[in-house]
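Only a predicted model underlies this, so the values are computations on that prediction, with no experimental measurement involved.
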Amino acid sequence: MTVEWQKMQDADLVDVSRIAAEVHPGFPEEDAIFAERLSLFPDGCQLLRVDGDASGYLFSHPVEFGKVPRLNSLLGEIAAGADSLYIHDLALLPQARGTGAAKQIVSQMSSWARTRGFASMSLVAVNESQRFWESQWFIVTNRPELAAKLQSYEPDARFMVRQLD
C-alpha cells in the first residue's frame, strides 16, 4: 500500500468536495470555501493518495491565536498578525484510516509551522476526534469568547491548541 501526501492542486478540488461530502456530511461547506483556502494558503493544503486514489485532505492556514473562522465561511485574507497555524479540516476516507497518514500530516505541518516561527497550532475538534488530537499533543483550551462559534460546529466541539515553542 502506497500512502502519500502531496501539495494540493486546483484540479484536486473535485476530489476534495467528494471526500468532504462522505466524511463530514454534518459539516457541509461550499466548494468556494476549499477553493479560497487553497488560493490564500497553498502551503497548508495537502491531498492524500492511497495507492494513487484521492483518499483524504488537509486544509490549514495561519490565524491570529484564538480566532476561529465560522464553519462554511470565507476568510477574505490571511491576517497580517497571524501567529497560529489553524487546521481547518483533516478528512480521511475509511480506506485511509489506520495507515498513519493523519499522524504523518500533523507531524509534517507542525514541523513546517515551527520552522516558520508559529507559536502554536490550533483547531476545532468535532466528530469525536478529541482523543486523536490529544494524541498529537493538542490540549482543549477554554476560550469563553469562542462559545458561540463552537456551537455553530456542534455542541461537543472543542477548541484545541498545540504549543510549538
Side-chain angles (χ1 to χ4, degrees), residues 1-63 68-75 78 84-114 118 120-140 149-162 164:
M1 176 182 289
T2 304
V3 178
E4 178 184 27
W5 285 99
Q6 54 190 227
K7 262 188 112 156
M8 191 179 292
Q9 306 297 317
D10 288 335
D12 296 325
L13 291 172
V14 171
D15 289 320
V16 166
S17 184
R18 175 182 54 79
I19 294 166
E22 183 174 335
V23 175
H24 297 308
F27 303 96
E29 291 196 291
E30 297 172 24
D31 292 343
I33 304 304
F34 299 125
E36 184 203 44
R37 301 254 186 319
L38 179 57
S39 172
L40 288 175
F41 197 68
D43 285 344
C45 303
Q46 302 285 318
L47 184 76
L48 175 65
R49 293 202 177 271
V50 175
D51 292 335
D53 296 328
S55 301
Y57 62 80
L58 172 103
F59 282 93
S60 64
H61 55 82
V63 296
V68 173
R70 289 197 180 280
L71 187 62
N72 198 31
S73 65
L74 295 170
L75 298 174
I78 302 295
S84 184
L85 184 66
Y86 181 78
I87 297 178
H88 173 79
D89 193 5
L90 172 59
L92 302 180
L93 291 174
Q95 66 265 26
R97 296 178 192 153
T99 64
K103 290 179 181 182
Q104 179 186 8
I105 196 63
V106 172
S107 176
Q108 180 181 323
M109 294 310 294
S110 64
S111 294
W112 183 95
R114 187 177 290 112
F118 286 88
S120 65
M121 294 174 71
S122 54
L123 57 89
V124 174
V126 296
N127 276 347
E128 301 177 0
S129 64
Q130 180 178 332
R131 186 172 297 179
F132 167 76
W133 293 112
E134 287 172 340
S135 76
Q136 301 305 300
W137 302 284
F138 283 80
I139 298 169
V140 173
K149 281 188 182 176
L150 294 177
Q151 285 293 316
S152 77
Y153 285 80
E154 68 177 3
D156 292 331
R158 298 290 180 261
F159 179 64
M160 299 187 77
V161 176
R162 176 178 174 174
L164 297 175

Revision key, fill the gap. Heavy atoms of M121 and I87 approach each other most closely as CE-CD1, 3.6 Å

Revision key, fill the gap. Heavy-atom nearest pair, R70 first then Y153, reads C-OH, 4.0 Å

Exercise for review: Under the side-chain hydrogen bond (donor to acceptor under 3.5 Å, both in side chains) rule, what do Q130 and E134 come out as? Steps first, then yes or no, please.
Suggested key: CA-CA 6 Å; Q130 180 178 332; E134 287 172 340; 2.9 Å; yes

Review point. Just by modelled atom types, is the I105 backbone N or O under 3.5 Å from a matching donor or acceptor in the Q46 side chain?
Key: no

Check your understanding: Looking at residues at least two apart in the chain, or sitting in another chain, which of them share a salt bridge (Lys or Arg N to Asp or Glu O under 4.0 Å) with K103?
Key -> none

Review point. Would Q136 and R162 count as having a side-chain donor-acceptor pair, cut-off 3.5 Å?
Key: no

Point to revise | Chi angles and distances behind the side chain to side chain contact (heavy atoms under 4.5 Å, CB included) call for S55, I19 | key: CA-CA 7 Å; S55 301; I19 294 166; 5.8 Å; no

Check your understanding: Side chain of N72, backbone of I33: donor and acceptor closer than 3.5 Å?
Key -> no

Practice item. For residues V126 and F27, determine if any side-chain heavy atom of one lies less than 4.5 Å from a side-chain heavy atom of the other. Key: yes

Practice item. List the steps, then state whether ring-ring contact (aromatic ring centres under 6.0 Å, His included) holds for F41 with W112. Key: CA-CA 13 Å; F41 197 68; W112 183 95; 5.5 Å; yes

**Study point:** Verdict with supporting geometry, M1 and V3, side chain to side chain contact (heavy atoms under 4.5 Å, CB included)
**Key:** CA-CA 6 Å; M1 176 182 289; V3 178; 3.9 Å; yes

Review point. Which atom names give the shortest non-hydrogen contact between A20 and Y57, and what distance separates them?
Key: CB-OH, 3.3 Å

Practice item. Give a yes or no on this: more than 12 heavy atoms of other residues, nucleotides or ligands lie within 6.0 Å of atom CD1 of I139. Key: no

Review point. If you measure from CG on L48 to CD on Q6, what distance do you get to the nearest 0.5 Å?
Key: 8.5 Å

Check your understanding: So do L150 and R158 actually touch side chain to side chain, heavy atoms under 4.5 Å?
Key -> no

Check your understanding: Once you round to the nearest 0.5 Å, how far does CG of L164 lie from OG of S84?
Key -> 7.5 Å

Output side-chain donor-acceptor pairs under 3.5 Å for residues 92-100, partner residues at least two apart or in another chain, one line each.
from : atom 1 : to   : atom 2 : distance (Å)
R97  : NE     : L92  : O      : 2.9
R97  : NH2    : L92  : O      : 2.7
T99  : OG1    : A96  : O      : 2.7
T99  : OG1    : A101 : N      : 3.2

Study note, to complete from the structure: Partner of K7 under side-chain contact (heavy atoms from CB on, under 4.5 Å), picked from L47, L38, D43, is D43

Revision key, fill the gap. d(Y86 OH, F159 CZ) to nearest 0.5 Å is 8.0 Å

Check your understanding: Is there a donor-acceptor contact under 3.5 Å linking the side chains of H88 and E29?
Key -> yes

Practice item. Kindly determine whether D31 and L13 satisfy side chain to side chain contact (heavy atoms under 4.5 Å, CB included), including the steps that lead there. Key: CA-CA 8 Å; D31 292 343; L13 291 172; over 6 Å; no

Check your understanding: Rounded to the nearest 0.5 Å, how far does CG of D156 lie from OG of S129?
Key -> 10.5 Å

Revision key, fill the gap. What one should report as the nearest heavy-atom pair of W5 and L58 is CZ3-N, 3.9 Å

Review point. Any donor-acceptor pair under 3.5 Å linking the side chain of S39 with the backbone of A35?
Key: no

Point to revise | Residues D12, R18: salt bridge by 4.0 Å N-O rule | key: no

Study note, to complete from the structure: Shortest non-hydrogen pair, L90 vs H24, comes out as O-NE2, 3.9 Å

Check your understanding: Does V68 offer a backbone N or O that forms a donor-acceptor pair with the side chain of K149 under 3.5 Å?
Key -> yes

Review point. Is a side-chain donor or acceptor of S110 paired with a backbone partner of S107 at a separation under 3.5 angstrom?
Key: yes

Check your understanding: Is there a side-chain contact between M109 and L85, using heavy atoms and a 4.5 Å cut-off?
Key -> yes

Check your understanding: Is any side-chain N of the basic residue among D89 and R37 closer than 4.0 Å to the acidic one's carboxylate O?
Key -> no

Review point. Do any N or O atoms from the side chain of T2 and from the backbone of D51 form a donor-acceptor pair under 3.5 angstrom?
Key: no

Exercise for review: To the nearest 0.5 Å, tell me how far E36 CD sits from S73 OG.
Suggested key: 8.5 Å

**Study point:** Step-by-step side chain to side chain contact (heavy atoms under 4.5 Å, CB included) determination, F59 to M8
**Key:** CA-CA 9 Å; F59 282 93; M8 191 179 292; 3.5 Å; yes

Practice item. Please report the closest heavy-atom contact between D15 and R49, naming both atoms and the distance. Key: OD2-NH2, 4.4 Å

